[in-house]
Protein chains: 2
Amino acid sequence: MLLDPSADDRLDRAFMALADPVRRGIIARLSRGPATVNELAEPFQITKQAVSKHIQVLEQAGLVTRTRDAQRRPVHLAPAQLEALTAWIDRFRLIHEQQFRSLDALLATTSGTDAAPAEAGATADPARKAERS
Amino acid sequence: MLLDPSADDRLDRAFMALADPVRRGIIARLSRGPATVNELAEPFQITKQAVSKHIQVLEQAGLVTRTRDAQRRPVHLAPAQLEALTAWIDRFRLIHEQQFRSLDALLATTSGTDAAPAEAGATADPARKAERS
DNA sequence: CCATTGATCAACTTGTTGGTTGACTAAGAG
DNA sequence: CTCTTAGTCAACCAACAAGTTGATCAATGG
C-alpha cells in the first residue's frame, strides 16, 4: 500500500483529494486549527462514516495527519504537501509565461508592422520542433 | 461554454483534471508551447481517442483552449485557471501558517517549563471548545 | 471525384469513488 | 459491569471515469 509511492502517485492522490468540495471544506476548516471527525462532519449533510472516508483520502494524500487524544482522533493539516502542489503548478505556469514572453519578443523583432492580436503561437511556434524527449 | 459553473464546480474540475499523470504530462508539454492531439498523444501508450478525451477534460476545467488550423486543432495552455488553483491552496496554507505562529507565541508566553514535543496544537488548541477534566 | 490525414463521436467494458446502513472497537463515566 | 461517546470496519450500490474499438466528420491533396 504505502511502500514507495512515486512522485506521480503522490501528486495523483493530492490533486484528487482536493477535487471534492467536502474535502476542500475540511482543509479550509483545518487551516484554522485541528479538529475531530465529529466537528468536521457537522457542516455537511453526510454521515460521519463518509467524512471518515474523506479524511482517510486526505491522509493517504499526505495532506493531513491524525493523532490520538483519549477517544478522539484530532486531525491536523500537513502543509508540506500543499507546498508540493503549488510548486508543481507554478513550475509550468512560469515556464509558460517565459515562453510567451520570448515569443512575444520574437514577433516584435520579425514582423515590425503589427504586434499580432494576442493569439500568439498557433501556427508559428518555435517550440514545436522539439519532440521525442 | 457552459452556463455559470459555480466556483466550487470549477475547482472540482481543475483539481480533478490535474489528478492524472497523463493530463499533467499534457500540461507540462503545453507549457513549452501549443501542440496538436497527435503530438500530445505520442509520449503515451494510449490511443489518440483517449488523449482527445483527456484534452476535453482539461478544456472543461479551463486549463487549456483549442483553436483551429486547417485540419489541426492546436491545444494551448490557459494559465489563468492554474493561477486560481495556487491562489486557493496558498490561501489556506498561509492561514495555517499564521495560526501556527500565533499558537507558538502563546505557548512561549504561558508555559515556562517545557516547550512541548513539537506536536503543537494537539492539546492546547484555541479553536476547540471541548476541555477535559 | 476519391483518398488521406487529423480529430471527434458513439457504444461498451472495467475499475474506482462517494454515499449509505449496520456492526464493531476503544476509552471513559456512573 | 453497563452506558455513552468517538470513531472505524465491512458490505453494498449508484454514478462516474478511463480505456478500448469502430464509425464518422472536416479539410486538404491528387
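Numbered from 1 within each chain, the chains take letters A, B, ... in sequence-line order. In what follows, every heavy atom counts, from backbone to side chain, and hydrogens, waters and symmetry copies are set aside.
- Atom-to-atom, CD of A:Glu39 to P of D:dA6 comes out at 9 Å; the value is rounded to the nearest Å.
- At whole-Å resolution of the value, CZ in B:Arg66 and C1' in D:dA26 are 14 Å apart.
- Heavy-atom distances to DNA chain C give each of B:Gln56 and A:Gln45 a nearest nucleotide, and the one nearer the 5′ end belongs to B:Gln56.
- Whole-Å rounding puts the A:Asp20 CG to D:dC16 C1' distance at 13 Å.
- Of the side-chain N and O atoms in B:Ser52, one or more sit less than 4.0 angstrom from OP1 or OP2 of C:dT8.
- Taking the side chain of A:Val37 as heavy atoms from C-beta on, and the options C:dG28, D:dG7, D:dA18, the nearest nucleotide is D:dG7.
- With distances taken from any side-chain atom of A:Gln49 to the nucleotides C:dA7, D:dA6, C:dT20, the minimum falls on C:dT20.
- When each of C:dT20, C:dG18, D:dT8 is scored by its nearest atom to the side-chain atoms of A:His54, the top-ranked nucleotide is C:dG18.
- Judged purely by atom type and a 3.5 angstrom limit, A:Arg24 uses its side chain to pair as donor or acceptor with the backbone of B:Asp8.
- The OG atom of B:Ser31 sits 12.5 Å away from the CD1 atom of B:Ile26 when rounded to the nearest 0.5 Å.
- Whole-Å rounding puts the B:Asn38 CG to C:dT4 P distance at 17 Å.
- The two residues A:Phe15 and B:Leu18 come nearest to each other via the heavy atoms CD1-O, 3.5 Å.
- Considering only the side chain of A:Gln71, D:dT5 comes nearest among D:dA27, D:dT20, D:dT5.
- Between the CD1 atom of B:Ile46 and the P atom of D:dT21 there is a distance of 12 Å, given to the nearest Å.
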Given side-chain contact (heavy atoms from CB on, under 4.5 Å), test A:Glu39 with A:Arg29 step by step and report yes or no. CA-CA 10 Å; A:Glu39 287 168 350; A:Arg29 166 65 185 80; 4.2 Å; yes
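- Listed pair A:Arg23 / C:dG18 meets the phosphate criterion, a side-chain N or O lying under 4.0 Å from OP1 or OP2.
- Rounded to whole angstrom, the span from the CG atom of A:Leu58 across to the C1' atom of C:dG18 amounts to 13 Å.
- The shortest distance between the side-chain N/O atoms of A:Thr36 and the OP1/OP2 oxygens of D:dA6 is not below 4.0 Å.
- The CD1-C1' distance, from A:Ile55 to D:dT8, rounds to 11 Å in whole Å.
- At C:dT20, one or more side-chain N or O atoms of A:Thr47 fall inside 4.0 Å of OP1 or OP2 (strictly under the cut-off).
- One atom, NZ of B:Lys48, and another, P of D:dG22, lie 15 Å apart when rounded to the nearest Å.
- The side chain of B:Ala70 lies closest to D:dA27 when the candidates are D:dA27, D:dG19, C:dG6.
- Of the inter-residue distances, the one linking B:Leu77 atom CG with A:His96 atom NE2 reads 4.5 Å to the nearest 0.5 angstrom.
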